[in-house]
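Following: one structure in structure tokens, then a few remarks.
What you see is a predicted model, and the numbers here were worked out from it, not measured in a lab. Just so we're on the same page: letters track the sequence lines, and every chain starts at 1.
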Amino acid sequence: MSKQIKLKEITSMEEDFGRWFTDICVKAKLIDYSGIKGFFILRPYGYALWERIMGELDKKFKETSHENVSMPLLIPESLLQKEKDHVEGFAPECAWVTIGGSEELPERLCIRPTSETLFCQHWANIVSSWRDLPCLYNQWCSVLRWEKTTRPFLRGREFLWQEGHTIHETGEEAEEETIRMLNIYADLCENILAMPVIKGRKTDKEKFAGAVDTYTIECMMHDKKALQSGTSHYFGDGFSRAFDVKFQDRENKEAYPHQTSWGMSTRIIGGIIMTHGDNNGLILPPNIAPHQLVIVPIAAHKGGVVEKAAELEKRLKKADIRVKSDYSDNSPGWKFSEWEMMGVPLRLEIGPRDIEENACVLARRDTGEKIKLGLNNLEEEVQKVLADIQNNLYNKALKNRDENSFEANSLEELKAIIEENEGGFVKTMWCGDRECEEKVKELTGISSRCIPFEQENLGESCAICGKKAEMSIIWGLAY
RNA sequence: CCGGGUGUGGCGCAGUUGGUAGCGCGCGUGCUUUGGGAGCACGAUGCCGCAGGUUCGAGUCCUGCCACUCGGACCA
């Protein structure tokens, strides 16, 4: 039908991807800047998005028997230092509280960058028997990491997340838990956020400080860079030993529980933006959109329009569609652009002409297509279109990933592909040596994303050193 | 942390050799409009990022700092 106007307020992603991203964050009213570097304000629309993600995850956590708790904000330095790798990993980006009231504190307190240490300390107090296990805990909170470079959603000094922490009788049980939670993240990404994921294990170089194994889901963004969208860690009994968490097992012997932790943060919102957004703004998959459909009344002053709009709103809400009506006195064109910028999947226009025909106009955010629609089966039709948008967004993202996924048999080839394509995923065989990984990083600037669960045999030798290959691995530029 | 860019009404910007802070949009009120960012009229809004310094006088010159932004390094 009519042409889409170009919104000058948003820098095009071809011109400058970074600016395009921050423009959307601001123009879609997701965030505002606070006065302190790296601290962002989540505005109602941004928070609504996070609330929906929380709702989806929290439901799944509870279905799998997890309980929510709340841990302190502050960690005494001595507690943080009990696990060597962990403190080395986090110390460089800790912020410290040194004064309480007007008194200098006897020991400085770290503002939590993550809460493994607090959970361990607590468990040491309350766990004594195998009957106390497993402990399946989660907390929704914010954490603080003093990052040097900050960007909305992708890297804040303070960010909202959930951190799950569990302890189990056996390593097998803990490993199962680690994978179970990774799968919950993957399901959220694929089914709700329409983001295809690659599941895999991090290399020793890339894994979490103090973990035995770190598992990850990796998504590809519009600019062909990878975003680690959720992680799940298996700790073995290392933390338990360091923090003296012990229990008496079924044979009446002293044992150390095996531990996991897993997290997903508001960073995933950055992922949604960079997976689905376009040059007119945000595009939200219907399954996560705070408003799935916005009703824009046309010539609302004319008789019957407001009443009709209200009637349709009521009908659609009854059918469990999340509807927003815009009765503001902005012009229709202004509203169209505004809600497009905000990424609402569907717009319903209703005006005097439609009322005469017992119809309305539906406009899709993903394709720009306008559909004239009779009102009789409105609810069903809207459901159908929403489902189609959800599918379309997933398929588009998958296509982008497939078109930018490659295989390489040598370091030169790997480098050439990444340079020529300006990003993407490249799969190679790998011997498993850290040296090879570091060599790739040094020579090409790219890092390993993961050792995918879905292993492939692309040859017998490591693409970097030529020695015998042990596994396939995926490389890429990362956020 | 290194390098580039930017800070002036809410937003985008202009501001000459230093001499009374301006424009557009938005905002408020009223009327007319309404199917892709509507029109007219009247009106309100400024620690010129912050702190020092030079000067009779600083948005403008000097020093330091802060924030935003892009790229790089670093990063679980």
Side-chain angles (χ1 to χ4, degrees), chain A residues 1-11 15-23 25-27 31-40 83 85-94 113-114 116 143 145-152 154-155 157 159 161 163 202-211 213-216 228 230-233 235 261-263 265 267 280-281 296-302 305-306 326-341 347-357 359-363 368 370 372 441-442 445 447 477-479:
Chain A
M1 283 190 168
S2 55
K3 249 187 282 174
Q4 300 244 327
I5 61 150
K6 280 274 171 290
L7 292 164
K8 295 213 178 73
E9 299 191 21
I10 297 175
T11 309
E15 190 187 329
D16 187 332
F17 194 82
R19 279 191 202 281
W20 168 82
F21 176 80
T22 45
D23 279 354
C25 292
V26 172
K27 297 288 160 35
I31 61 125
D32 189 23
Y33 292 96
S34 76
I36 312 169
K37 183 180 170 65
F39 290 77
F40 301 98
E83 214 284 343
D85 291 338
H86 189 66
V87 71
E88 276 177 17
F90 282 103
E93 43 186 13
C94 282
T114 179
E116 275 75 8
V143 287
R145 299 176 189 183
W146 212 255
E147 303 285 355
K148 288 169 183 164
T149 300
T150 61
R151 313 185 66 184
L154 301 176
R155 198 167 290 275
R157 285 178 172 173
F159 57 90
W161 76 345
E163 46 177 327
K202 286 286 186 190
T203 60
D204 284 352
K205 180 174 181 289
E206 297 288 327
K207 74 185 186 187
F208 182 83
D213 276 316
T214 288
Y215 298 95
T216 176
Q228 175 180 308
T231 47
S232 189
H233 314 289
F235 290 114
S261 82
W262 25 276
S265 73
R267 191 180 217 208
N280 287 330
V296 176
I298 308 292
H301 61 291
K302 291 200 176 144
V305 173
V306 171
D326 187 350
Y327 293 116
S328 69
D329 54 11
N330 293 311
S331 73
W334 193 92
K335 291 177 187 176
F336 295 171
S337 302
E338 179 77 358
W339 291 109
E340 270 161 23
M341 211 141 52
R347 178 179 73 242
L348 188 156
E349 301 168 24
I350 181 83
R353 294 210 303 262
D354 304 303
I355 294 175
E356 272 177 41
E357 300 168 44
C360 66
V361 173
L362 275 188
K370 281 196 179 190
K372 190 88 173 177
K441 176 82 191 178
E442 210 175 294
S447 54
L477 298 166
Y479 272 96

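Across all strands shown, B:rG71 forms a Watson-Crick or G-U wobble pair with B:rC2, both key distances being under 3.5 Å. The partner of B:rG43 is B:rC27, judged by Watson-Crick or G-U wobble contacts that both fall below 3.5 Å. With a cut-off of 3.5 Å on both pairing distances, B:rU54 has no Watson-Crick or G-U wobble partner at all. Across all strands shown, the partner of B:rG7 is B:rC66, judged by Watson-Crick or G-U wobble contacts whose two distances both fall under 3.5 Å.
With hydrogens and angles ignored, a donor-acceptor pair under 3.5 angstrom links the side chain of A:Arg347 to the base of B:rG36. Applying the 3.5 Å distance criterion, the base of B:rG36 shares no donor-acceptor pair with the side chain of A:Glu349. No hydrogens or angles were tested; on distance alone, a donor-acceptor pair under 3.5 Å links the side chain of A:Lys370 to the base of B:rG36.
In this structure, A:Glu15 has no salt bridge (Lys or Arg N to Asp or Glu O under 4.0 Å) partners at least two apart in sequence or on a different chain. Partners of A:Lys148 by side chain to side chain contact (heavy atoms under 4.5 Å, CB included), not counting sequence neighbours: none found. Under the ring pair (Phe, Tyr, Trp, His ring centres under 6.0 Å) criterion, A:Phe336 pairs with no residue, sequence neighbours left out. Remark: A:Ser447 pairs with A:Arg449 by the side chain to side chain donor-acceptor pair (under 3.5 Å) rule, at least two apart or across chains. In this structure A:Asp204 satisfies the salt bridge (Lys or Arg N to Asp or Glu O under 4.0 Å) test together with A:Lys207, sequence neighbours excluded. In terms of the salt bridge (Lys or Arg N to Asp or Glu O under 4.0 Å) criterion, residue partners of A:Glu147 (sequence neighbours excluded) are, by chain and number, A:Arg155. Under the side chain to side chain contact (heavy atoms under 4.5 Å, CB included) criterion, A:Thr149 pairs with no residue at all, not counting sequence neighbours. For A:Ser34, there are no side chain to side chain donor-acceptor pair (under 3.5 Å) partners, not counting sequence neighbours.
On the P atoms, B:rG52 is 14 Å away from B:rU60, given to the nearest whole Å. Nucleotides B:rC48 and B:rG72 are separated by 36 Å at their P atoms, to the nearest Å. B:rU6 sits 13 Å from B:rC61 when the P atoms are compared, rounded to a whole Å. Taking the P atom of each, B:rC62 and B:rU69 are spaced 27 Å apart, rounded to whole Å. Atom name C1', nucleotides B:rG15 and B:rC42: the rounded distance is 28 Å, in whole Å. Remark: the separation of the P atoms in B:rC47 and B:rG12 is 16 Å, to the nearest Å. Taking atom P in both B:rA44 and B:rC23, the straight-line distance is 13 Å, to the nearest Å.
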Could you check A:Lys372 against A:Glu357 for salt bridge (charged side-chain N to carboxylate O under 4.0 Å, His left out), going step by step and ending with a plain yes or no? CA-CA 10 Å; A:Lys372 190 88 173 177; A:Glu357 300 168 44; 3.5 Å; yes
Set out, line by line, the N/O atom pairs under 3.5 Å between protein and nucleotides 24-26 of chain B.
none

Strictly under 3.5 Å: I want the nitrogen or oxygen pairs between protein and nucleotides 28-34 of chain B, one per line.
residue : atom : partner  : partner atom : Å
B:rU34  : O2'  : A:Ala299 : N            : 3.0
B:rU34  : O4   : A:His301 : ND1          : 2.4

What are the atom names and distances for every N/O pair under 3.5 Å that joins the protein to nucleotides 41-48 of chain B?
none

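Classification of the A:Phe159-A:Trp161 ring pair by plane angle, with boundaries at 30° and 60°, yields perpendicular.
Within 4.0 Å of A:Glu338, counting heavy atoms only, lies at least one base atom of the nucleic acid.
The nearest whole Å value for the distance from the CD atom in A:Glu147 to the P atom in B:rA73 is 15 Å. Between A:Asp326 atom CG and B:rG35 atom P there is a gap of 14 Å when expressed in whole angstrom units. Spacing between atom CZ of A:Arg155 and atom P of B:rG72 amounts to 13 Å, rounded to whole angstrom units.
Between A:Phe208 and A:Phe90, the distance from one ring center to the other falls under 6.0 angstrom. Aromatic rings of A:Tyr33 and A:Phe39 (six-membered ring for Trp) have centroids beyond the 6.0 Å cut-off, not under it.
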Would you give a per-nucleotide map of nucleotides 65-71 of chain B, 5' to 3', where B means the base has a protein non-hydrogen atom under 4.0 Å away, S means only the sugar-phosphate does, and - means neither? --SSSS-
